[in-house]
2 protein chains.
Amino acid sequence: MSELSTKQSQIIEFIRDFIDEKDYPPSIRDIQFGCGISSTSVVDYNLRRLEEKGLLRRDREVSRGIELLEGRRRRGTVDIPVLGSIAAGQPIPVPTSDRWASDVEDTVTVTEEMVRGHENVFALRVKGTSMIEDLIDDGDIVFLEPATTAADGEKVAVWLQDRGEVTLKRLYREKDRIRLQPANSSMPPIYADPDNVSIQGRFISSIRPIG
Amino acid sequence: MSELSTKQSQIIEFIRDFIDEKDYPPSIRDIQFGCGISSTSVVDYNLRRLEEKGLLRRDREVSRGIELLEGRRRRGTVDIPVLGSIAAGQPIPVPTSDRWASDVEDTVTVTEEMVRGHENVFALRVKGTSMIEDLIDDGDIVFLEPATTAADGEKVAVWLQDRGEVTLKRLYREKDRIRLQPANSSMPPIYADPDNVSIQGRFISSIRPIG
DNA sequence: TCGCCTCGCGAACGGATGTTCTCTCTTAGT
DNA sequence: ACTAAGAGAGAACATCCGTTCGCGAGGCGA
């Protein structure tokens, strides 16, 4: 029932290739000649079957009104703004709910899986190896979601007011201070007054540029 | 000269939105009504200007034969076959020059930057923490390119014939043996006879699934 | 003022294109 | 063998749609 005849998979294949090459869908006669079919009605017939099977969508009465549903796989990418470098001494303007402004210096494109389920994700370039034992190296790009709170032990980007810098660390609450723990046994933790620490974002994932 | 008139950027905008929504380009009359223009010839006129400026490409005499050049941003993704797990005791069929066979259990989609400049890239799931100090953790997915040789110190996937297993290590040639060095100071290196080692692939990059 | 160019309007032409109708041909069920 | 359904061929039709042509309104330098 949901088997595809040779002709039908050939048509699907042809449409995919056609769009790949030309960036617009083929007309029925394009398909006809491209697949060596002898009549437009045969193409129409099979297109209807394919539509019933949910493999494509057609806009009636519209030329080239064919949309491959299954081919929607690609385009599963998101552009993430790189707001700056972390632990570089610069304050980071965390994006508000509306999309980031236009002053973004750079963006990285990643597949949606890298930030799945998170909103308003932004990215920062990591300087230094303070999180090396959490497998975050110098030069990596980390993805964060805006947050103002965090559970103990979470990796967060925090703004240290007195130092005027943003850094990525694991955050632990102690009696009357906050401990920012590097993941690098050669580096001591930073202790800070709670009033001096403001959480900017929560770690989601990271990538390492090739090379 | 290369400025865009209000109408022209409006048209570009409309085309982009139209394609975004319908997945096929608008006809000239779609643009006409969508932009509140009173004549098809005006659309045609501006489309020619936009084509001259290199912002789009038109296929003459073809309905909806409009292709946005600038909108090519997305689609920069590649599907990489995940051939199995590494250090899991199973031999890995390295893909030949023709595209991998159909028995691929899984694929991951990544942006082209992750494998830039490499051919026939395949992926493996990492089991264990033997490369932890090279920032490759248990559960990571590594990307490799087929290779049969490697320079000293390179991270390679090697097939150990007597153990019947594939493992990811740094490779060093010593007098009459090969040293496979884990990046984990709690693990000893593996020494093997050169005849017993066959290199399967060279490390390119890795990603870590979210969570 | 006179060309010349840019930009826009409206209409008409002809090819492109989706739809539909009528016929075959084959296959499976009875 | 008869019939119904699936698949296809061929042609006709009605739009859809890109192109072109004539006309006009401004702007600009000579």
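Residue numbering restarts at 1 for every chain, and letters A, B, ... go by the order of the sequence lines.
- Not one side-chain nitrogen or oxygen of A:K7 sits closer than 4.0 Å to the OP1 or OP2 atom of D:dA7.
- Listed in residue order, the members of residues 34-42 of chain B having a heavy atom less than 4.0 Å from DNA chain C are B:I37, B:S38, B:S39, B:T40, B:S41, B:V42.
- With hydrogens and angles disregarded, no donor-acceptor distance shorter than 3.5 Å links the side chain of B:D134 to the backbone of B:M131.
- Counting only residues at least two apart or in different chains, salt bridge (charged side-chain N to carboxylate O under 4.0 Å, His left out) contacts with residues 28-37 of chain B comprise B:D30-B:R64.
- Between the CG atom of A:D59 and the C1' atom of C:dT19 there is a distance of 15 Å, given to the nearest Å.
- Distance B:Y24 OH to C:dT17 P: 15 Å, rounded to the nearest Å.
- In this structure, B:N46 does not reach the C:dC7 phosphate: none of its side-chain N or O atoms is under 4.0 Å from OP1 or OP2.
- Across the protein-nucleic acid pair, A:D44 atom CG and C:dG18 atom P stand 9 Å apart, rounded to whole Å.
- We find that CZ of B:R58 is positioned 8 Å from P of D:dG18, with the value rounded to whole Å.
- When rounded to the nearest whole Å, the span between CD of A:E61 and P of D:dC13 equals 17 Å.
- B:I28 places its CD1 atom 19 Å from the P atom of C:dC13, with the value rounded to the nearest Å.
- B:K53 places its NZ atom 11 Å from the P atom of C:dT6, with the value rounded to the nearest Å.
- With hydrogens and angles disregarded, no donor-acceptor distance shorter than 3.5 Å links the side chain of A:D140 to the backbone of A:V126.
- A:R202 places a side-chain N or O within 3.5 Å of a backbone atom of A:T149 that can act as its donor or acceptor partner.
- Using modelled atom types, one side-chain atom of B:D152 and one backbone atom of B:R173 make a donor-acceptor pair closer than 3.5 Å.
- Within the structure, a side-chain polar atom (N or O) of B:Y45 is placed less than 4.0 Å from OP1 or OP2 of C:dC7.
- In terms of phosphate contacts, A:R49 brings a side-chain nitrogen or oxygen within less than 4.0 Å of OP1 or OP2 of D:dA7.
- Comparing C:dT19, C:dG18, D:dT19 by their closest approach to the side chain of A:R64 singles out C:dG18.
- The base of D:dG18 is paired with the side chain of B:R29 by a donor and an acceptor separated by under 3.5 Å.
- For B:K169 against B:S130, the heavy-atom pair with the smallest separation is NZ-OG, 3.2 Å.
- Look at A:S63 and you won't find any side-chain N or O under 4.0 angstrom from OP1 or OP2 of C:dT17.
- The shortest heavy-atom contact between B:P26 and B:F14 is CB-CE2, 4.1 Å.
- Axis angle, first five pairs versus last five pairs of the helix from C:dT1-D:dA30 to C:dT30-D:dA1: 10°, rounded to 10°.
- A:F122 pairs with exactly one of A:V115, A:L144, A:V142 by the side-chain contact (heavy atoms from CB on, under 4.5 Å) rule, that one being A:L144.
- If you measure from atom CG of A:L47 to atom P of C:dT20, you get 13 Å, rounded to the nearest angstrom.
- B:N196 contributes no side-chain N or O that, together with a main-chain N or O of B:L160, makes up a donor-acceptor pair within less than 3.5 Å.
- Counting only distance, with no hydrogens or angles, the side chain of B:S205 and the backbone of B:M114 share a donor-acceptor pair below 3.5 Å.
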